[in-house]
Amino acid sequence: MMGIQIRLEKFTGPLDLLLHLIKSQEMDIYDIRIVEITEQYLTIIEQMQQLDLDIAGEFLLMAATLIHIKSRMLLPISDEIIEEEEDPRAELVKRLLEYQRYKDVAEFFQQLPQLERDIFVGQFQLSDFIEGASEENEVAIGLYQLAAAFHQLLKDKPPETFHEVVRESLSVADYIDRITEKLLNKNRLSFREISPAKFSRSELIVTFIATLELVKMHIINIEQVNDFSEIWLSLTISPEQLSRISPQKDLLTYG
Amino acid sequence: MDNLRQLIEAFIFASDIPLSLDRLSVLSEQPKALIKPIVEQLQLQYVAAERGFYLAEVAGGYQFRTVVELAPWLRKLSKDRASRFSRAALETLAIIAYRQPATRSEIEYLRGVDSGGVMKTLLDKNLLRILGKKDMPGRPLMYGTSRQFLELFGLRDLTDLPTLKEFTALDPALTEADPLDPEPVE
Amino acid sequence: MDNLRQLIEAFIFASDIPLSLDRLSVLSEQPKALIKPIVEQLQLQYVAAERGFYLAEVAGGYQFRTVVELAPWLRKLSKDRASRFSRAALETLAIIAYRQPATRSEIEYLRGVDSGGVMKTLLDKNLLRILGKKDMPGRPLMYGTSRQFLELFGLRDLTDLPTLKEFTALDPALTEADPLDPEPVE
């Protein structure tokens, strides 16, 4: 072995590793000794048997590139095509130089005074001191934030049959009955309790609409402490009143 | 001594909670006896120079605060920030952008909370528009995004919205969690 | 006049983002021509008085920031010291800062590695933003740096960055960012 002990994690990618080898062997980047460097590169790759596969794939791709360049360098150059024939290393050299440049920029960024590492701004919170200035936590938004928000919502609750929200077979009125019945036995129920996991999406929706209708009819109260936290339902009227109110259900526009 | 004054000032400025003399002493590695007069001097300086903020003594510590008289002006700071939204507004806008035409109940289903207030705010800001009534029981209103929405996000049209596929491609771990690939509706 | 100075100072102090002259003008209901000299005077005052913070011009606006010399001390205030960036993240930022608008495949070609994860982290930290879609087959998303990127490194704008030329010790011929001919090797 050549006594090169290298940990691949130290490198951000194959170009980084290659640059390191070229420098440590004191090679001229414009005249890379391709046979030597390929050999070293492959030795290092072999040492990493237990690499993260994704990373390994990229390092292996570079190995293949090196071997390809090496074989092209070894081919006898035919006279006819010599004019068009570029140095097989040219593309690699260009990429290395280009990469080196951004590596330098990255190092420059590293040295710049960074906010919250070297430099700090005031932590004054306007809303803490001035009434009327308080607002929900605001987020700066762009396209990414928009897409991310939608993605998150879908992840939380994938809606397949979104457009046929209310099936005729499910009656909001029926669900209103079910919910109030449950609430008669227990004063306070979470939305989760009235919509068991086995519910289909349509059933969930109808339950939700029924809940909203009940709120509108001032039969129940719903409360939620935080966004996305549990929604609690409680009766606002007595059971006796409830029986008198039920005819109102007929006014519902749902089936 | 002057450098210590500078350091104390910076500590108080950069801290998110009021700093007590004890804490300032620990942070600056200087005895409290040295720090106390400096803090008092700072308090006087800010008031005397009629700066926009002053060094307040609160909750057993010190903290810079804006002067009380300016409150009516400062309140304006939290308004009219076109590119800043509450989480609720962002979510609602996101659903409508990707799902339009969308009804209020569809939006509320996805968000899991009442969204009437947020939708009204977005309508007031002209970011949403009403597309008509949906052909279903109750004839609910259908909402879509407006021209101002496109302008705000620098989009030529709705097809410029990142598709979820492109979005999840950034994070391979998420791809499997999401079987959907809804292209934005035009 | 002095009151306006006080108001400007309070606005800048109380805002969580740098305030531009335009914004200050709207907030204070005074012409920019009146505000500019006040801001400049404030900048001088803070430096001259050797305060713990100064009025920095950053990301197209003005913001109070602690003086850089105090960094080693102030770091004691911050709880998570892990707010440092990985080399992968800095490389990706470097490429996007200089080549924007840049597509993911361009970035990956230049870095030689998959960069989706890093880019997502940078997007989540609001250091990058999506600029739209590129007019080419597949319409890939284009990325650029954000205002927060400027704030992170205390830059007034992108022209504050050294030119790439200044980094090219290796090859004086490579002065400008070359157009990338080949699409990434995948």
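Every chain is numbered from 1 and lettered A, B, ... according to where its sequence line falls, protein lines coming before strand lines. None of these values were measured; they are calculated from a predicted model. We use all heavy atoms of the structure for the numbers below, so side chains are in, but hydrogens, waters and symmetry mates are not.
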Q) Looking at side-chain heavy atoms only, is the closest gap between A:Leu143 and B:Asp160 below 4.5 Å? A) no
Q) What closest approach, in Å, do A:Phe124 and B:Thr66 show between heavy atoms, and which atom pair accounts for it? A) CZ-OG1, 3.4 Å
Q: With rounding to the nearest 0.5 Å, note down the distance linking CD1 in B:Ile107 to CG in A:Leu153.
A: 11.0 Å
Q.
Distance check, rounded to the nearest 0.5 Å: A:Tyr144 atom OH versus B:Phe153 atom CZ?
A. 14.5 Å
Q) How long is the span from the CD atom in A:Gln123 to the CZ atom in B:Phe64, to the nearest 0.5 Å? A) 13.5 Å
**Q.** Side chain, backbone, both or neither of B:Ile12 within contact of chain A (heavy atoms, under 4.5 Å)
**A.** neither
Q | B:Glu108 versus chain A, the contacting section by heavy-atom distance below 4.5 Å | A | both
Q.
Are there over 12 heavy-atom neighbours, none belonging to B:Asp124, within less than 6.0 Å of that residue's CG?
A. yes
Q) Considering only heavy atoms, which portion of B:Phe13 lies under 4.5 Å from any heavy atom of chain A: side chain, backbone, both, or neither? A) both
Q | Spatial distance of atom CZ (B:Arg87) from atom CD (A:Gln152) [nearest 0.5 Å] | A | 7.0 Å
Q: Please examine the side chains of B:Phe85 and A:Leu146, heavy atoms only from C-beta on, and report whether any two atoms are closer than 4.5 Å.
A: no
Q | B:Arg99 side, atom CZ; A:Phe150 side, atom CZ - distance, nearest 0.5 Å | A | 4.5 Å
Q.
Could you check whether atom CZ of B:Arg23 has more than 12 heavy atoms from other residues, nucleotides or ligands sitting under 6.0 Å from it?
A. no
